[in-house]
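The basis for the numbers below is simple: all heavy atoms, side chains too, and nothing from hydrogens, waters or symmetry mates.
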Amino acid sequence: MKSKEIRRVYIRIRETLGPVSRTPLRIGTAEQEERTEDTSMPQAKGETIRAEEERMRAEKERVRVQQEKEKERKLEEAMKKKAETEKKKKEAAERAEQERLAEIARVKVEKE
């Protein structure tokens, strides 16, 4: 008689609680999924649209900032390249001037 009562109580408790996962990792994941699902689902359709618009604006802003950084990087590279080219031109001009002066000095020595 007692075993029948125990079975009835056990069945009632099991039906009340519902299926419960035995692994603690799964329980934590299920709770987290429920929380994110509840907070991410707005109450009205208008709020859903606003949330999507905000997401799109944030994405556009991120892309814009990334493009600006890329432009700045390219500009800096171009400026460095231009500075190097100018430096090389100056060095070549100085070398040519030194060669010219050396040639003049050699010619003077030969005349004497």
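- The side chain to side chain donor-acceptor pair (under 3.5 Å) test applied to E61 returns R64, not counting sequence neighbours.
- In the hydrophobic clustering, L75 connects to M79, either directly or through intervening members, whenever side-chain heavy atoms lie under 4.5 Å apart.
- With sequence neighbours excluded, no residue forms a side chain to side chain donor-acceptor pair (under 3.5 Å) with R7.
- Listed by chain and number, the residues in a side chain to side chain donor-acceptor pair (under 3.5 Å) with E84 amount to none (sequence neighbours excluded).
- Residue pairs meeting the salt bridge (charged side-chain N to carboxylate O under 4.0 Å, His left out) criterion with at least one member in residues 70-82, sequence neighbours excluded, are E70-R73, R73-E77.
- Among residue pairs with one or both ends in residues 90-108, those qualifying as salt bridge (charged side-chain N to carboxylate O under 4.0 Å, His left out) are E97-R100, E103-R106, R106-E110; sequence neighbours excluded.
- In this structure, the side-chain contact (heavy atoms from CB on, under 4.5 Å) partners of V63, at least two apart in sequence or on a different chain, are E59, Q67.
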